[in-house]
Amino acid sequence: MTFTIQANDSQSNARAGLITTGHGVIETPIFMPVGTQGTVKAMQMHELKEDTRAQIILGNTYHLYLRPGIHILEQAGGLHTFNSWDGPILTDSGGFQVFSLSENRKLKEEGAEFRSHIDGSKHLFTPENVMDIQRSIGADIIMAFDECCPGDADYDYARKSLELTERWLDRCFARFNSTEPKYGYGQSLFPIVQGCVYPDLRRRAAENIARKEADGNAIGGLAVGEPTEKMYEMIEVVNEILPKDKPRYLMGVGTPINLLEAIGRGVDMFDCIMPTRNGRNGQLFTEYGTINLRNKKWENDFSPIDPDGTSYVDQMYSKAYLHHLVKVGEYLGYQIATLHNLAFYLRLVRMARQHIVEGDYCEWKTRMVRQLNNRL
RNA sequence: GGGCAGUUACCAGAGUGGCCAAAUGGGGCUGACUGUAACUCAGCUGUCUUUCGACUUCGGUGGUUCGAAUCCAUCACUGCCCA
């Protein structure tokens, strides 16, 4: 995997670049749709590729390990052939499930012991087997196994959590470096900066990770309950230290405004469930603010879903029709809303990229943030 | 014509003397959702009031009772059964 920077913004830390993987090139900054269980919910692969113009999607180690199971993915020849997505894939390590399934797990030095949310069965995730599993899934970018520390953790907890994550990281690299890809194309391991909202912990974590000289670096443990300003502050602290010539991935973030703010602070990659889940729950994102489709006000608004939208659904269907589909719970409603939202997120990062290249990113961002804040 | 069962809020439906403005679903309105245990979750849904609270309700009317959605009488309507 290689990363080349094509343009730097003169007024901010924003940059436009190209990531080259075994499954093609990614133009950054980029948003990566989340496809936890081997599918971006409600989306066909051709819709992802042609209509939302996604360039890379996510999968999740924890979910894919439970179902369909690693042996099936190996028999299939990896996730790409299994799900028919021929572009790049990134897998999360299960570190986020250490956080979100915290009632069903036990942390130990060796790893995290989980109870399956499906059948209650016990499983142990270690840095080593998480690397092996991600080798078997065959993602182009695989993530270190970490503890995603809650945003409101106290300093002592955050420090201990970070120390564990750092010990796990060394074991991740040891395993990763002593194993080979299984399907004939390269894989890259991204370490994850933790440290909660404490600048000194974040700095220490970033310095440690910078020394690993990984193909790319991730910032985790943000947007997990801390104030947004803290998140921005932590991104600044960390990006001072993380190598400038490697892609930076802000995990799990976020709102359209979060993306623009983070891009301005030097982040290149994002993923978030927001466009997909919120879409299924009736929220649309547009350049002029968010729309709650369930609201009565849309029942007789026959204007297009998004006159500025680039996906065909934006012009084809009216807000009133989509309001109806969402209200009655029709599958098509979830599909249209998801497609629109993903297309919007991808268009947003393309616009960001273009303004970085053209050199007016900051002015554009200021204008956009004001609009995006609206509630329509 | 006779018998039986029933009539509760937008709908369905519980409640059969005080703990009832009345369970629970659905529907409606609003909100939440940030590396997906999420097509999920939360709040509100008689009237007035920000809250406390006040007021008006359980087919109609009239009773019994300190007190009635709940008991009695009667009328109306609905369903089923027998002629």
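Nothing here was measured: the structure is a model prediction, and the numbers come from that model. The sequence lines fix the lettering, A, B, ..., with proteins before strands; numbering per chain opens at 1.
Between Glu330(A) and His323(A), it is His323(A) whose nearest contact on RNA chain B lies nearer the 5' terminus.
Across all strands shown, U40(B) pairs with A32(B); the Watson-Crick or G-U wobble distances both stay below 3.5 Å. Across all strands shown, U16(B) remains unpaired; no Watson-Crick or G-U wobble contact has both distances below 3.5 Å. The partner of G62(B) is C72(B), judged by Watson-Crick or G-U wobble contacts that both fall below 3.5 Å. Shown here, G6(B) forms a base pair with C77(B); the pair counts as Watson-Crick or G-U wobble because both key distances fall under 3.5 Å.
As judged by a 4.0 angstrom heavy-atom cut-off over every strand, Tyr331(A) is placed among the base-contacting residues.
Taking atom C1' in both C48(B) and U65(B), the straight-line distance is 31 Å, to the nearest Å. Going from the P atom of C19(B) to that of C58(B) covers 16 Å, rounded to whole Å. For the C1' atom pair drawn from U64(B) and U47(B), the interatomic distance equals 30 Å after rounding to whole Å. Taking atom P on both nucleotides, G60(B) is separated from C77(B) by 15 Å, rounded to a whole Å. Spacing of P atoms, U57(B) relative to G3(B), comes out at 34 Å, to the nearest Å. Distance noted for atom P between A21(B) and U30(B): 30 Å (whole Å). For the P atoms, the distance from G26(B) to G13(B) is 16 Å, rounded to whole Å. Nucleotides G2(B) and U74(B) are separated by 14 Å at their P atoms, to the nearest Å.
Under the side chain to side chain donor-acceptor pair (under 3.5 Å) criterion, Tyr155(A) pairs with Asp200(A), not counting sequence neighbours. For Glu236(A), the salt bridge (charged side-chain N to carboxylate O under 4.0 Å, His left out) partners two or more places apart in sequence, or in a different chain, are Arg265(A).
Note on residues 205-215 of chain A: pairs passing salt bridge (Lys or Arg N to Asp or Glu O under 4.0 Å), not counting sequence neighbours, are Asp170(A)-Lys212(A).
Between the CZ atom in Arg347(A) and the OG1 atom in Thr286(A) there is a gap of 8.5 Å [rounded to 0.5 Å].
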I'd like a table of donor-acceptor pairs (distance under 3.5 Å, sequence neighbours excluded) in which one partner is a side-chain atom from residues 25-37 of chain A, with atom names and distances.
from, atom 1, to, atom 2, distance (Å)
Thr28(A), OG1, Gly17(A), N, 3.0
Thr28(A), OG1, Gly17(A), O, 3.3

Donor-acceptor contacts, no H, no angles, side chain residues 64-74 of chain A, under 3.5 Å, sequence neighbours left out:
from, atom 1, to, atom 2, distance (Å)
Tyr65(A), OH, His123(A), ND1, 2.8
Glu74(A), OE2, Ser136(A), OG, 2.6
Glu74(A), OE2, Lys182(A), NZ, 2.9

Nucleotide-resolved protein contact map, nucleotides 31-38 of chain B, B/S/- at heavy-atom distance under 4.0 Å: BBBBBBBB

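The closest side-chain donor-acceptor pair between Ser311(A) and Asp314(A) falls under 3.5 angstrom.
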